[in-house]
Amino acid sequence: MWIYLNDRFVDDANAMISVFDHGLLYGDGVYETIRSYGDQIFMRDEHLDRLRRSADAIGLRVPVAEDDWPALLNEAMQRNDVGNEQIDAYIRITLSRGVGDIGLDPALCPTPTVIVMTKPLSPPPPHQYQSGVDLIVAKTRRNYPGALDPQIKSTSFLNNILAKREAIAAQAFDSLLLNWESHLAECTVSNLFFVTNGRLRTPSLACGILDGITRRIILSLAREEAIRVEEGAYTLDQLVQADECFLTNTTMEVMPVTSVNRGPLGTGKPGPLTRRLHQIFVTNRPRFLQA
Ligand code: PLP
């Protein structure tokens with residue numbers, strides 16, 4: 001596997017970073033997960049924009065010029081034989097504060113570390129879309145935005161990993177995290193939607209969630225289809241009594257949820273609006289691809 005590291009492509013055996021990298025020492029960095037459909041990257045510029053916003057929020061310089069990213073991502077895919085007609089690509093960009101002496105001052109690290117990894121995308125198995133997946137509600141709360149804003153896509157991912165550990169221990173697909181006010185927030189790597197009486201609801205950004213790019217698309221497609229949409233602060237009771245629920249992210253698209261805390265949600269089967277929105281998403285996908 002070819003990895004872009006700082007200023008060149010190296011093979012994975014030589015893709016090494018220093019033990020003094022502050023990404024390792026302090027989780028001081030930001031990242032993006034992107035995917036392609038064939039050779040076209042889904043919402044490329046929006047992902048690169050979010051990377052820049054995350055980097056700006058932590059005062060980190062993005063060491064790749066905006067105009068250079070498309071060619072760099074294409075080369076990363078081509079070198080690894082992904083992002084072509086046969087194989088969709090999974091792309092991970094990591095930016096860390098870089099190498100510097102031990103200590104919290106970012107000025108210790110003059111040069112950010114850049115890593116671009118690509119591999120074949122492995123989408124969820126079809127049976128998960130057919131039956132839906134189950135969630136538990138984690139004891140771990142989503143980060144309080146006043147402490148570490150979930151809108152920063154930070155490599156400090158322990159909040160999500162602790163919640164994922166809870167899901168694994170409970171043999172559930174994933175954990176749903178509540179926020180500091182016990183309102184619904186999001187799952188460990190996805191945004192949450194639910195449907196009540198034909199109304200599509202999703203926690204608002206003010207609930208302390210990542211501004212998911214798939215979430216944004218689902219909201220705008222739903223509005224185009226004149227589906228009633230609401231963003232707000234919701235309780236677990238409202239979710240448990242909902243008719244349908246689904247998760248969104250770049251690699252899963254729209255994943256139905258059919259059980260929460262071991263109880264069936266709605267009919268216990270993927271709901272009709274969930275299926276319709278996924279279909280609308282697939283039909284409209286070409287609008288969101290960039291070469
Ligand atoms: N929420 C969290 C915490 C995530 O890590 C992700 C994606 O990685 C998402 C939501 C979904 O975001 P997107 O639709 O941009 O992939």
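All ligand and atom numbering here is 1-based and tracks the order in the structure. Only heavy atoms go into these numbers, but all of them, side chains included; no hydrogens, no water, no symmetry mates.
Listed by number with element, the atoms of ligand 1 under 4.0 angstrom from any heavy atom of Thr214 are 13 (P), 14 (O). Of all atoms in ligand 1, numbered sequentially from 1 with element shown, those under 4.0 Å from a heavy atom of Thr188 are 3 (C), 5 (O). Which parts of ligand 1 touch Asn160 is read off a 4.0 Å heavy-atom cut-off, strictly below it: atoms 3 (C).
Inclusion of Thr250 in the set of residues having an N or O under 3.5 Å from an N or O of ligand 1 is warranted. At a 3.5 angstrom cut-off on N or O pairs, Asn249 does not count as close to ligand 1. For ligand 1, the polar-atom distance check finds an N/O of Glu186 within less than 3.5 Å of one of the ligand's N/O atoms. Close N/O approach between Ile213 and ligand 1 is found [any backbone or side-chain N/O within under 3.5 Å].
Ranking protein heavy atoms by distance to atom 12 (O) of ligand 1, first place goes to Gly212 CA, 3.6 Å. Nearest protein heavy-atom neighbour of atom 9 (C) of ligand 1: Val189 O, 3.5 Å. Looking only at heavy atoms of the protein, atom 5 (O) of ligand 1 is closest to Lys153 NZ, 3.3 Å.
When each of Phe42, Phe193, Phe246 is tested with Phe281 by the rule ring pair (Phe, Tyr, Trp, His ring centres under 6.0 Å), just one qualifies, namely Phe42. Applying side chain to side chain donor-acceptor pair (under 3.5 Å) to Tyr234 and the options Gln238, Glu231, Glu230 leaves one that passes, Glu230.
The proximity of Ser190 to ligand 1, defined as any non-hydrogen pair under 4.0 Å, is limited to the backbone.
Salt-bridge check for Arg287 with Glu224: passed, with a basic side-chain N closer than 4.0 Å to an acidic carboxylate O. Here Glu46 does not pair with Arg50 in a salt bridge; the nearest charged N to carboxylate O distance is not below 4.0 Å.
For atom 10 (C) of ligand 1, the nearest non-hydrogen atom from the set Asp211, Asn191, Leu192 comes from Asn191.
Judged purely by atom type and a 3.5 angstrom limit, Ser175 has no side-chain atom pairing as donor or acceptor with the backbone of Val137.
Two rings, from Trp180 and Tyr144, have their centers less than 6.0 Å apart.
Counting only heavy atoms from C-beta outward, the side chains of Ile91 and Leu73 approach each other to under 4.5 Å.
The shortest heavy-atom distance from Met43 to ligand 1 is not under 4.0 Å. Ligand 1 has Arg142 within reach: a non-hydrogen atom of the residue lies less than 4.0 Å from it.
No side-chain donor-acceptor contact under 3.5 Å links Thr248 and Glu253.
For the pair Arg35 and Tyr37, the cation-pi criterion (under 6.0 Å, within 45° of the ring axis) is fulfilled.
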